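Written out below as C-alpha cells is the structure these notes cover.
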Amino acid sequence: MGRRDNVPGRGPTPLILSGKEVDALYRTLGAVQSAFDSAVPPVPWTLTGGSVLGAIRSESILFCDDDIDLAIIGREHLERGRDILRSLEGTTYAIAGGRNGLCWDRLRPVSSSGVWIDVFLLVQYESIDELRHALETKRNGSPQDEEIIEAAIAPCLDSSLSSSSSSSSWPIYQFGEMQTHGCGLAIQLWPREIIPSNELPFRKDGRFGPLRNIPLPGMPLRYLTRAFGMDCFSVYYVSTLHEQYRNGAKGQGTSEGQGVVSKKEALLDEHYIPLMPSRVNERVFSSHDRSALEIKLGDMAAEEGLLLVPTCTSSSSSSSSISFSADKNRTVDKEEEEAAQISLLLNQLERQVAQALGASLDIYTPLFANDDSTNMESLLLSSSLKGKNVLVCSNGSVGEKWQINLATTTQQCKHGANTQCHSYRLGWGIPFHPTSIVDAAIQLNCDAVFCVHYEHPCTIENDITGIARCCANSNILCFVDCTDSFGMDEDLRLKDHDDDDDDD
C-alpha cells in the first residue's frame, strides 16, 4: 500500500478516450514539441481551442475531450512545419482537403489511429476587411452568404477590439487557410478564438499532463473567456462535431454553417485533477485541483487586468443547452450574456480612465475611487501587512472586491511595492473551510490571510474564529473585514482553548 502512495495518480476517467488513446496523444504531442522546438530555426506553435482550456482548467487533456488542437504560427512556417510532422515516426499525417473535407491538417498516432491532433494555421489579419476577404468565397468558388460572413467577424467588431483606444489590438491572429478554397471554415466554426496583438507574446509555460513548457496564447484567461464564456471553468460539454465523427459519420465532412450543439454539465471536483497517462512510468506528480485552480484564476486575472474573475462554481442553471452556429455565432443563457456585457463595459471604462490619466494599460487602472481606496492604502502602510505575501479569500461580493482592489492598489501604491496578493476564491455563499485556507496559504508561502466575516449580499457568516485559530497554529497573520458585523452574536476574539499561554 505504501508503494502505491508514491505513484502519481491517473486522474479522472476519460469520457471518450481509452487509456491507450490518452497515452498515444501525449506521446505524439511530446514528439511534436521536441521536433518543432529543436528545429533550426524552431517552428513557432501553440495549443488552441479546447486544448488551451485543458492546459489551464485541469493542466491536461480535458477528461471530456478526444483530441488535441495546435496551430503553427505564421504562414511562412507552414510548409516547414508540415515537413517535420510528415517525418515523425509512428504517425500518419493528412493535409487539409482529404476525404473528411477538413480545412485543417490531422496527425494520427499509428498505435491508436482513432484519435488525432488537429493542426491549424494561425495568421495575422491587419484589418476587418482582410478578415472578411478570407471568408467571402465558398469552396465551390461561389460567393459566401453575407449572414455567415457577418456572424464570423462579429467578435472582432466588439468595441474592445475595434475602438480607436484599442488600436493596439490589430493585427489579430485568427485561423488561416491551409488549402485552396478553404472558405474560412475554421473561422466560421470558432470565430471567438481571436488573439489580439495586445495579448502577445505567446507564452511557453503551459502544463499538459506529463508535458511541460507547452506554448499557449499570451493571455490565456482572456482567450478562454472570449472563446468559451465566463462559465468555462465550472461546466463542461462534448462537441457534437466530435460525437458525430466518433459515431461513424467520418465520411460526411463538415458543412459550412453547421451548428455545434451540446449540453452543459456541472464539473465535479475530480474533473479538475490532471488526466495522466495510463502507464505509471509516464505520469508525473501534480497538486493541481479545484482549489489550486481558484487561486490560479485570481492571479491570472490580476496579471491580465481582468475585472471579472471566472469561478469554478456552476450556477443552478448550468445544465442548459448551448448552441454554436454560423448565422447566430452562439446562443448563451442570460447570466452569461449579462456577465459578458458587464465585462465589456468595465474593460471600456478601464481604457477610458487610463487614457484620461495618461496611464499605460501595462499597469492596471483602478476603477474604485471611494473610501475603500483609503482603507487599502492604510493596510499597505501598516507594518503588519507591508512586504507580506497575502492570501485574499472570497465567497461573496465583498471579498471579491477586496481581492481586486488590494491586488491593484498593491501594484500602484508605492507603499505596497513589496506586498504580493494571491486570491482564494469560492462561489458565492459557499462556506470557508479554515484548514483549506491555511493549506493554500502555506502552499503559496503566504505570511497573512485576509477574509470577510459577514458577506451581507449572500448572507453568509464565515467561521472567522476557526480561520484565526488555524492561522495562529501555523504562524500566519489573519486580517478580517468586520465592517458589516455590527450586531452579530459571535465573539470574534481569538480564545485560548487547551493551553495556558496568555500571550496569544
Side-chain angles (χ1 to χ4, degrees), residues 2 5-6 9 269 272-273 285-299 302 311-313 375-376 378-396 398-403 406-407 410 416 418-455 458 460-486 488-504:
D5 289 341
N6 294 324
D269 285 346
Y272 294 90
I273 299 172
F285 284 100
S286 174
S287 61
H288 186 82
D289 57 12
R290 185 196 291 262
S291 296
L293 177 61
E294 287 168 344
I295 296 170
K296 181 167 71 174
L297 291 178
D299 291 343
T311 70
C312 301
T313 304
N375 295 337
M376 288 181 292
S378 298
L379 272 175
L380 295 176
L381 277 167
S382 73
S383 58
S384 298
L385 190 57
K386 186 175 180 181
K388 298 289 193 299
N389 278 349
V390 186
L391 184 67
V392 187
C393 307
S394 75
N395 57 353
V398 180
E400 288 182 353
K401 186 175 179 181
W402 274 108
Q403 284 177 327
L406 269 175
T410 297
N418 296 319
T419 301
Q420 298 293 323
C421 292
H422 304 272
S423 294
Y424 182 93
R425 182 183 294 271
L426 297 181
W428 285 22
I430 297 178
F432 287 140
H433 295 287
T435 55
S436 298
I437 289 177
V438 173
D439 288 344
I442 293 172
Q443 182 181 353
L444 292 168
N445 296 318
C446 289
D447 310 292
V449 165
F450 183 98
C451 50
V452 177
H453 176 224
Y454 182 62
E455 282 282 357
C458 50
I460 183 170
E461 181 180 353
N462 290 314
D463 181 12
I464 298 304
T465 301
I467 295 171
R469 283 174 177 161
C470 287
C471 287
N473 290 336
S474 300
N475 294 319
I476 294 174
L477 293 171
C478 183
F479 292 83
V480 182
D481 178 358
C482 298
T483 305
D484 297 302
S485 302
F486 292 108
M488 302 191 69
D489 293 331
E490 182 177 354
D491 185 354
L492 296 179
R493 292 173 296 175
L494 178 58
K495 303 180 183 71
D496 302 324
H497 35 115
D498 290 328
D499 56 61
D500 298 325
D501 185 359
D502 295 328
D503 295 331
D504 284 351

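Everything quoted here is computed from the prediction, not taken from an experiment.
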Any side-chain heavy atom of [X] within less than 4.5 Å of one from [Y]?
X    : Y    : value
L426 : S291 : no
D481 : C451 : no
C471 : L477 : no
N462 : Y454 : no
H288 : K296 : yes
V398 : K401 : no
S423 : E294 : no

L444: partners by side-chain contact (heavy atoms from CB on, under 4.5 Å), with sequence neighbours left out: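 For L444 the side-chain contact (heavy atoms from CB on, under 4.5 Å) partners, ignoring immediate neighbours, are I295, L391, H422, C446.
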
Residues forming a side-chain contact (heavy atoms from CB on, under 4.5 Å) with S474, sequence neighbours excluded: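 S474 satisfies side-chain contact (heavy atoms from CB on, under 4.5 Å) with V438, I442, I476 only.
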
Listed once per pair and sorted, the salt bridge (charged side-chain N to carboxylate O under 4.0 Å, His left out) pairs that draw on residues 428-453, sequence neighbours left out: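 Found none.
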
Salt bridge (charged side-chain N to carboxylate O under 4.0 Å, His left out) partners of residues 425-437, not counting sequence neighbours, each pair once: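 The answer is E400-R425.
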
Spatial distance of atom CG (D463) from atom CZ (R469) [nearest 0.5 Å]: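 Here the rounded value is 8.5 Å.
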
Side chains of W428 and N395, donor plus acceptor under 3.5 Å: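 The criterion, which ignores hydrogens and geometry beyond distance, is not satisfied for N395 and W428.
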
Side-chain donor or acceptor of Y272 paired with backbone N/O of C312 under 3.5 Å: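 Indeed, once roles are kept as given, a pair shorter than 3.5 Å links the two residues.
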
Stepwise side-chain contact (heavy atoms from CB on, under 4.5 Å) check, F432 with I467: CA-CA 8 Å; F432 287 140; I467 295 171; 4.1 Å; yes

Minimum heavy-atom distance C393-I437, with the two atoms named: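 Taking C393 first and I437 second, the nearest heavy atoms are SG-CG2, 3.7 Å.
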
Heavy-atom closest contact (V449 atom, A441 atom, distance):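 In this case the closest contact between V449 and A441 is CG2-CB, 4.0 Å.
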
Parallel, tilted or perpendicular: rings of F450 and F479 (30°, 60°):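 The arrangement is parallel - the two ring planes meet at less than 30°.
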
Test side-chain hydrogen bond (donor to acceptor under 3.5 Å, both in side chains) applied to S394 - qualifying residues, sequence neighbours left out: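 S394: side-chain hydrogen bond (donor to acceptor under 3.5 Å, both in side chains) contacts with Q403.
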
